[in-house]
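Reviewing the structure listed below.
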Amino acid sequence: MHPGKKAASLAAIKHVEHDSLLGVGSGSTVNIFIELLAQSGIRIEGCVASSVKTAKLLEKHHFRVMDLNLAGQLELYIDGADEVDPQLNLIKGGGGALTREKIVAGASTRFVCIADHTKEVNVLGEFPLPIEVIPMARSFVSREIVRLGADPEYREAPPTDNGNVIVDCYGFNITDPRALEAELNAIPGVVTNGLFARRPADTLIIGHDNGEASTRTAAK
Ligand code: 5RP
């Protein structure tokens, strides 16, 4: 188990209350969190998963997986990230689950992001920004991304859980994540992009290789 990811996941368990409704993200860090949560003995009323893979892992551990439409507002969302800036804006979607992740994060009162220390950056954008796109709009959206100054690359991967494709964008200079998030989402054919700036994390738990974790909360 990756020591930084494990340290962050262990620290996140302390944020989970008995009988709560929990949103659960996707990725290798979240997978560790799910294993540790199962071992913790904390009673969970229900979980909303941000991907089919996460739902399967939750079910394997006998958590009750709920439809978001039936669950309503969630108390807490736990998810990883590909990059985190000092304001707790994120790039997500390395695993292709960005749209459902953004929905579940939006429906949660508190978002705790768990990551190992390699994910911290001063300015977002070194990690290619994923965009989920309706398949017929792939070329059009890519031309629009070139017009905005970045380099799009079609991700050769199975369709997303929503039946769409991912275009990864290289070279965006993300000095205003909120503005870029809105601009990209306004392109017809874009389902959503991996910038989490309109709804950033509320709390960031960074795990270190020595097994320690540090926690930061966003300034209001
Ligand atoms: C998936 C994500 C993940 O949270 C992100 O890719 C981080 O993954 P990992 O925990 O494996 O480093 O956004 O869409």
Side-chain angles (χ1 to χ4, degrees), residues 2 4-5 7-16 22-30 33 50 73-132 145 148-151 166-187 190-209 212-220:
H2 185 292
K5 293 179 183 193
S9 300
L10 258 180
I13 301 281
K14 299 191 185 104
H15 291 256
V16 182
L22 193 62
V24 186
S26 301
S28 58
T29 316
V30 165
F33 168 78
S50 73
Q73 182 74 12
L74 307 173
E75 279 133 324
L76 178 63
Y77 181 55
I78 305 277
D79 199 359
D82 298 300
E83 277 187 352
V84 189
D85 80 5
Q87 288 73 43
L88 309 196
N89 299 306
L90 315 171
I91 286 183
K92 292 186 45 55
L98 60 159
T99 299
R100 294 190 187 194
E101 290 171 343
K102 203 175 273 196
I103 294 168
V104 183
S108 300
T109 306
R110 225 154 45 87
F111 176 3
V112 173
C113 178
I114 50 176
D116 66 88
H117 64 96
T118 62
K119 308 294 183 67
E120 282 194 293
V121 297
N122 283 325
V123 179
L124 299 174
E126 198 165 313
F127 189 91
L129 176 63
I131 304 186
E132 181 163 355
I145 286 160
L148 292 173
D151 190 9
I166 301 284
V167 174
D168 290 305
C169 303
Y170 291 78
F172 269 130
N173 179 23
I174 310 180
T175 50
D176 188 345
R178 232 181 130 97
L180 183 62
E181 182 179 3
E183 186 167 21
L184 292 172
N185 282 349
I187 300 171
V190 167
V191 179
T192 198
N193 68 82
L195 277 170
F196 283 55
R198 189 170 171 268
R199 204 288 176 243
D202 301 305
T203 300
L204 171 66
I205 302 177
I206 289 288
H208 303 277
D209 291 342
E212 288 180 6
S214 45
T215 299
R216 250 177 329 115
T217 298
K220 294 281 170 203

Quick one: does [X]'s side chain get under 4.5 Å of [Y]'s, heavy atoms only?
X: Ile91; Y: Ile174; result: yes
X: Thr215; Y: Val112; result: no
X: Asn185; Y: Leu195; result: no
X: Leu90; Y: Pro200; result: no
X: Thr203; Y: His15; result: yes
X: Leu22; Y: Leu74; result: no

If every non-hydrogen atom of [X] is compared with every non-hydrogen atom of [Y], which pair is closest and at what distance?
X: Asn89; Y: Pro177; result: ND2-CG, 3.8 Å
X: Ile205; Y: Ala11; result: CG2-CB, 3.7 Å
X: Gly207; Y: Ala7; result: CA-CB, 4.0 Å
X: Gly25; Y: Val30; result: O-CG1, 3.3 Å
X: Ala97; Y: Ser50; result: CB-O, 3.9 Å

Quiz item: When you look at Asp168 and Ile166, which way does the side-chain contact (heavy atoms from CB on, under 4.5 Å) test go after all the steps?
Solution: CA-CA 6 Å; Asp168 290 305; Ile166 301 284; 3.8 Å; yes

Quiz item: Could Glu132 and Lys102 be called an ion pair, given the rule that one side-chain N must be under 4.0 Å from one carboxylate O?
Solution: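 A salt bridge is absent here (no side-chain N lies under 4.0 Å from a carboxylate O).
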
Quiz item: Hey, is Glu101 close enough to Lys92 for a salt bridge, meaning N to O under 4.0 Å?
Solution: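 Yes.
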
Within this structure, what is the [atom1]-[atom2] distance for the pair [X] and [Y], rounded to the nearest 0.5 Å?
X: Lys5; Y: Phe33; atom1: NZ; atom2: CZ; result: 15.5 Å
X: Arg199; Y: Leu88; atom1: CZ; atom2: CG; result: 10.5 Å
X: Thr109; Y: Asp202; atom1: OG1; atom2: CG; result: 9.0 Å
X: Phe111; Y: Leu76; atom1: CZ; atom2: CG; result: 10.0 Å
X: Glu212; Y: Leu10; atom1: CD; atom2: CG; result: 12.5 Å
X: Ile131; Y: Ile187; atom1: CD1; atom2: CD1; result: 6.0 Å

Self-check item: Side-chain donor/acceptor of Glu181 to backbone N/O of Asn193, under 3.5 Å
Solution: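 A pair under 3.5 Å: no.
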
Quiz item: How would you list, by chain and number, every residue that makes a salt bridge (charged side-chain N to carboxylate O under 4.0 Å, His left out) with Asp85, sequence neighbours excluded?
Solution: none

Exercise. Look at atom CD of Gln87 and say whether more than 12 heavy atoms of other residues, nucleotides or ligands are closer to it than 6.0 Å.
Key: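 Correct, the count exceeds 12.
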
Quiz item: Can you list every ring-ring contact (aromatic ring centres under 6.0 Å, His included) pair that touches residues 91-110, not counting sequence neighbours?
Solution: none

Practice problem: Evaluate the criterion side-chain contact (heavy atoms from CB on, under 4.5 Å) for residue pair Leu180 and Leu124; output intermediate values, then yes/no. | Solution: CA-CA 11 Å; Leu180 183 62; Leu124 299 174; over 6 Å; no

Exercise. Verify side-chain contact (heavy atoms from CB on, under 4.5 Å) between Glu120 and Arg216, making sure each step is shown before the conclusion.
Key: CA-CA 12 Å; Glu120 282 194 293; Arg216 250 177 329 115; 2.8 Å; yes

Practice problem: Applying side-chain contact (heavy atoms from CB on, under 4.5 Å), run through Phe196 and Asp79 and close with a yes or a no. | Solution: CA-CA 12 Å; Phe196 283 55; Asp79 199 359; 5.7 Å; no

